[in-house]
*Asks:* 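Please see the structure below; I have some questions.
On a predicted model such as this, the values are computed, not experimentally measured, just so you know. In what follows, chains are A, B, ... by sequence order, proteins preceding strands, each numbered from 1.
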Amino acid sequence: MDFREIEKKWQKIWEEEGRYKAVDFSEKPKYYILVEFPYPSGVGLHVGHTPNQIAMDIIARKKRAEGYNVLYPIGWDAFGLPTENYAIKHEISPVVATEKNIANFKRQIKSLGISFDWSREINTTDENYYKWTQWIFLQFYKKGLAYKATANINWCPKCKIGLSNEESEGGVCERCGTPTIQKPKTQWMLKMSAYAEKLLQGLEETHYWENIKSMQRNWIGKSVGTNMHCKLDTGDDFDIFTTCIETVYGITYFVFAPEHPLVAKLKDKITNYDEVLKYIEKTQRKSEFERTQLLKEKSGCQLKGISAINPINGQKVPVFISDYVIASYGSGAVMAVPAHDERDYDFAKLFNLPMIEVISGGDIKNKAFEKADYLGKGCKLINSDKFSGLTVEEAKDALNSYLEEHGLGGKVATYKMRDWVFSRQRYWGEPVPLVYCEKCGWVPVPDDQLPVTLPKVEKYHPTDDGESPLSRIDEWVNTTCPHCGGKAKRETDVMPNWAGSSWYWLRYMDPNNDKEFANFDKMKYWGKVDLYNGGGEHVTRHLLYARFWHRFLYDNGLVPYSEPFDRRIQQGLILAADGSKMSKSAGNTVDPMLYVEKYGADVSRLGQMFMGDYVETKPWKEDTMKPCEKLLKRIVALKDKLQDVQSDENKFILAQSIKKVGEDIEELKFNTAVSQIMVLTSALEKAKVVTNEDYKVLLKLINPFAPHISEEMWTQCNFEGRIDENWPKYNEADLKVNSVEIAVQVNSKIVARIDIDPTQSQEEILASVKTDEKIKPYIEGKTIVKEIYVPNRLVNIIAK
RNA sequence: GCUGGUGUGGCGGAAUGGCAGACGCACAGGACUUAAAAUCCUGAGGUGGCAACACCGUGUGGGUUCGACUCCCACCACCAGCACCA
């Protein structure tokens, strides 16, 4: 039997029938399964794609059989650097490269027999798609959530090119290995920070895995503390943020981020401004890598000529700048309490600054006595004026109240999550749909002129001044102002490749709508994505971006639900056979399509599911293919044993298998579901009689895993209807057996195994155990203190 | 450093607090075969023993329990994410 031929035949039939089309507004209950849409790269489908598409296909097929109207769509996340670089290298247009790659991906996915609804296929680089990406961006702009600001980009000084974080991993340029530096550049930003609290709270409405929620919380990084208004002796105001207001009397200096606006503003008053400038330049030259990974050694520079006043006691203290203070977090300035903060401690040691101990119970000779050391231990304040003697916890409240009463600040929350740098100086992305007019400023492109399409050009190489390649195309850049009709220039930055994936699940609900991004009623019908499967690498960024866009749309009445995804799950990372990470450079990548060619789609599907726990990181093993091939052959061979008779010889194993396979699929335990099918197959092979009904159940159970061969066998047997019209059911009663072997323990040690009738009462069973010849000797002459019976498992007799 | 996760045979991996190692891989023996492949049957955690059997076994050390891979405490190792976040 040639599996490949059968597979082709059924794939053709399914396609012609439109068998897996999702129906808008169907009476059936809906179920929306989403896999992250792939990036159609030149290398084709890889092991990061196939197990999750297969796994979700299994769920989709089971849900359909159970009577659900399943939406299981697919599309292409095709904008972005890899394609652009590939196109540059091969001197072809990224449009052509994308088309080619998509065609290849599509062929590969189809050969696996994944039941996607291809009528809803989307492509982020399609003008009809990115029209709406641009439209949504403009909604952000119109609500004041998109703004221009100077932000640093990763810059390779040798290649003279801006790099993404991915291209400058480890702080070096991916192409030439030169350390990258931070270069300021005016960019579009999305005010994601305004949604920090909503994104945090929204997690409560979802059913993501706890670790995924935890990563998101971590990324959002909420921290509750105190904002305090401070003054310099020049009269200038600044704010600091602290989570340890109880140490406010321990301030011996303040530290600003080098980028803090007051530094430049006060250049005339700072007597050593030359030195300050030098320090600022030095920190700017530092790469992200040096700043974060390398040395946590402190450095800094005093702002001589000015000092700051501790608002709590009026004390004058020096002011420094240092790169250990991050401009974008809190207010970009900190109060320094070296006695109670490790970083301040190191800094104070370096500059020989005084320390004031304000929390009792520590020893600051060699290190700071930090909050981790003193919180919750009943430590009390000292050297803190009227707050001395309070416990740390009391002091926090008292000081916050004091600051509030005196207009000096109060309790606030701060978030690590930054605004989203939404510009890329590249070609292959969605153009930012704004026009700059000398008279009117930034003007949105009117809806009826969307999309702003990418010009079809020969040259789209990155420029050496860091500007977008689009800026070189005068006939595209020069336009008229939609507002006043005068001369204007288009924005030449494009959106990051995260943009298209920030709303794609909505488009699947209504992929061909040319009036709106998706019809509201359709979105209402399909609701939240019930199950969203993706890679661990997207748990923070993509998932947050997606939730951010969705929540924004919800707040503006454009989508019916506040959260896009109900459940988010993650497949395990697939490693090379030796347990190392797969990578192109190590040359140990596996092409899953080879296994489709070698064994066929069904075997390959089963093999990948049988490799291990779906959610755990695990090595790719070809070893699982053979036994799965064997399994299918055995199932095919069973057909010859069928008898058109009635028999309930197999009712127990069938009921058990229906229960186990069904539950395992729901719980993503595909590997044990496959084992159970193996167990069932063995049992039927050994059975005296296998009826048509028995075989039907077996075929239905394996159908989601091996859809082609199971449907083929169904047809060959001339069974009525279609194999996936329903999902098999079992009777609880069939799970009961009239004899079961249990273990008998005396004093928790197994002494015998005996058969019992499980329908008997506990008393009856215990009585028969105690009179059993094998057990008697162990309890004779002893006093029984306790008897434990675990139904169908064991009896434990405690005897002294 | 912080957060989350994972530690079970030679290997991948199973086990609502209840007979650890299901199901497989690799291995060994056997059947079929001129032979091989394929297929089928049998065996197997470790140590000791001809054997019945005994003892030891789920990263380490404690604890709870009649009973712990499973729950609690401490620690170790590895993986992932974050990281000078005030």
*Asks:* Using atom C1' of each nucleotide, how far apart are B:G7 and B:U60 to the nearest Å?
*Replies:* 11 Å
*Asks:* By the 4.0 Å heavy-atom rule, please label A:N747 as base, sugar-phosphate, or nothing.
*Replies:* nothing
*Asks:* Is any side-chain N of the basic residue among A:K774 and A:D772 closer than 4.0 Å to the acidic one's carboxylate O?
*Replies:* no
*Asks:* Say we look at B:C79 and B:C85: how far apart would their P atoms be, to the nearest angstrom?
*Replies:* 24 Å
*Asks:* Answer yes or no: does a side-chain N or O of A:K786 lie under 4.0 Å from OP1 or OP2 of B:C66?
*Replies:* yes
*Asks:* Between the side chains of A:R217 and A:E204, is the shortest nitrogen-to-carboxylate-oxygen separation below 4.0 Å, so that they form an ion pair?
*Replies:* yes
*Asks:* Find the partner of B:C25: check Watson-Crick (N1-N3 plus N6-O4 or O6-N4) and G-U wobble (N1-O2, O6-N3) distances, both under 3.5 Å, and reply none if neither fits.
*Replies:* B:G10
*Asks:* Give me the distance, rounded to whole Å, that separates B:U64 from B:A44 when you measure between the P atoms they each carry.
*Replies:* 37 Å
*Asks:* Base, sugar-phosphate, or nothing for A:R217, non-hydrogen atoms under 4.0 angstrom?
*Replies:* nothing
*Asks:* Using Watson-Crick or G-U wobble geometry with both distances below 3.5 Å, tell me the partner of B:C32, or none.
*Replies:* none
*Asks:* If you count every heavy atom of other residues, nucleotides or ligands that lies below 6.0 Å from A:K770 atom NZ, does the total exceed 12?
*Replies:* yes
*Asks:* Mind calculating the distance between CD (A:E622) and P (B:G24) to the nearest angstrom?
*Replies:* 19 Å
*Asks:* Would you classify A:K626 as touching base, sugar-phosphate or nothing, given that sugar-phosphate means primed atoms plus P, OP1 and OP2, and contacts are heavy atoms under 4.0 Å?
*Replies:* nothing
*Asks:* Side chain of A:P627 only, heavy atoms from C-beta on: which candidate in B:C66, B:U6, B:G24 is closest?
*Replies:* B:G24
*Asks:* Within the 4.0 Å heavy-atom criterion, would you say A:V679 contacts the bases, only the backbone, or no part of the nucleic acid?
*Replies:* sugar-phosphate
*Asks:* Yes or no on side chain to side chain contact (heavy atoms under 4.5 Å, CB included) for A:D602 and A:R605, after CA distance, side-chain angles and deciding distance?
*Replies:* CA-CA 5 Å; A:D602 283 341; A:R605 290 166 61 111; 4.3 Å; yes
*Asks:* Return the value, rounded to whole Å, for the distance between atom CG of A:D613 and atom P of B:U8.
*Replies:* 14 Å
*Asks:* With respect to the phosphate group of B:U3, does any side-chain polar atom (N or O) of A:N211 fall under 4.0 Å of OP1 or OP2?
*Replies:* no
*Asks:* For A:E210, which contact category applies under a 4.0 Å heavy-atom criterion: base, sugar-phosphate, or nothing?
*Replies:* nothing
*Asks:* Nearest whole Å is fine: how far is B:U3 C1' from A:I220 CD1?
*Replies:* 14 Å
*Asks:* Rounded to whole angstrom units, what separation is found between the CG atom of A:D323 and the C1' atom of B:A86?
*Replies:* 14 Å
*Asks:* Using the C1' atom as the reference point in each nucleotide, state the distance between B:A28 and B:A77 in Å, no decimals.
*Replies:* 34 Å
*Asks:* Applying a 4.0 Å non-hydrogen cut-off, can you work out what A:K630 is touching in the nucleic acid: base, sugar-phosphate, or nothing?
*Replies:* sugar-phosphate
*Asks:* Tell me the closest heavy-atom pair linking A:N796 and A:S748, and the distance in Å.
*Replies:* OD1-N, 3.0 Å
*Asks:* Could you check which nucleotide pairs with B:C71 in any of the strands shown, counting Watson-Crick or G-U wobble with both distances under 3.5 Å?
*Replies:* B:G63
*Asks:* With a non-hydrogen cut-off below 4.0 angstrom, is A:K222 in contact with a base, only sugar-phosphate, or nothing?
*Replies:* nothing
*Asks:* What is the distance, rounded to the nearest whole Å, between atom OH of A:Y324 and atom C1' of B:C85?
*Replies:* 13 Å
*Asks:* Separation of A:M678 atom CE from B:A14 atom C1', in whole Å?
*Replies:* 13 Å
*Asks:* Using a 4.0 Å heavy-atom cut-off, does A:K581 contact any base of the nucleic acid, only the sugar-phosphate backbone, or nothing at all?
*Replies:* sugar-phosphate
*Asks:* When the P atoms of B:G17 and B:G10 are compared, how many Å lie between them, rounded to an integer?
*Replies:* 27 Å
*Asks:* Say you pick atom P in B:U58 and the same atom in B:A20; how far apart are they, in whole Å?
*Replies:* 12 Å
*Asks:* Given B:G81, is OP1 or OP2 found less than 4.0 Å from the side-chain N or O atoms of A:K213?
*Replies:* no
*Asks:* Check every atom of B:C23, B:C85, B:G18 against the side chain of A:L794 and return the nucleotide holding the closest atom.
*Replies:* B:G18
*Asks:* Where is the tightest heavy-atom contact between A:I574 and A:V47, given as atom of each residue plus distance?
*Replies:* CG1-O, 3.8 Å
*Asks:* Is the charged tip of A:R568 near the ring of A:Y208: under 6.0 Å from the six-membered ring centre and within 45° of its axis?
*Replies:* no
*Asks:* Using a heavy-atom cut-off of under 4.0 Å over every strand shown, decide if A:D346 touches base, sugar-phosphate, or nothing.
*Replies:* nothing
*Asks:* Between atom CD in A:E342 and atom C1' in B:C84, what is the gap in whole Å?
*Replies:* 9 Å
*Asks:* Would you indicate, yes or no, if B:A86 has its OP1 or OP2 atom less than 4.0 angstrom from a side-chain nitrogen or oxygen of A:S223?
*Replies:* yes
*Asks:* Mind checking A:I788 for me? I need base, sugar-phosphate or nothing, with any heavy atom below 4.0 Å counting as a touch.
*Replies:* base
*Asks:* P atom, B:G46 versus B:C11: distance in rounded Å?
*Replies:* 12 Å
*Asks:* Given that both distances must come in under 3.5 Å, which nucleotide forms a Watson-Crick or G-U wobble pair with B:A38?
*Replies:* none
*Asks:* From the set B:A22, B:C66, B:C40, return the single nucleotide nearest to any side-chain atom of A:S675.
*Replies:* B:A22
*Asks:* When both hydrogen-bonding distances must be under 3.5 Å and the geometry is Watson-Crick or G-U wobble, what is B:A80 paired with, if anything?
*Replies:* B:U3
*Asks:* So, OP1 or OP2 of B:G81: does either fall under 4.0 Å of a side-chain N or O from A:K416?
*Replies:* no
*Asks:* Touch check for A:E741, heavy atoms < 4.0 angstrom, all strands: base, sugar-phosphate only, or nothing?
*Replies:* base
*Asks:* At under 4.0 Å between heavy atoms, what does A:K660 touch on the DNA or RNA strands: base, sugar-phosphate, or nothing?
*Replies:* nothing
*Asks:* Could you check whether A:F610 gets within reach of a base, just the sugar-phosphate, or nothing at all, counting any heavy atom under 4.0 Å?
*Replies:* base
*Asks:* When the P atoms of B:A74 and B:G5 are considered, how many whole Å apart are they?
*Replies:* 15 Å
*Asks:* Starting at CG of A:L575 and ending at P of B:C79, how long is that distance when rounded to a whole Å?
*Replies:* 11 Å
*Asks:* State whether the distance check finds a donor on one side and an acceptor on the other, under 3.5 Å, for side chain A:D623 versus base B:C25.
*Replies:* no
*Asks:* Step by step, would you call A:I797 with A:I779 a side chain to side chain contact (heavy atoms under 4.5 Å, CB included)?
*Replies:* CA-CA 8 Å; A:I797 296 165; A:I779 48 176; 4.0 Å; yes
*Asks:* Tell me if the side-chain of A:R793 makes a donor-acceptor pair with the base of B:C19, cut-off 3.5 Å, by modelled atom types.
*Replies:* no
*Asks:* On the nucleotide B:A86, are OP1 or OP2 found under 4.0 Å from the side-chain N or O atoms that A:Y329 carries?
*Replies:* yes
*Asks:* Does any part of the side chain of A:E357, heavy atoms only, come nearer than 4.5 Å to the side chain of A:F369, both counted from C-beta?
*Replies:* no
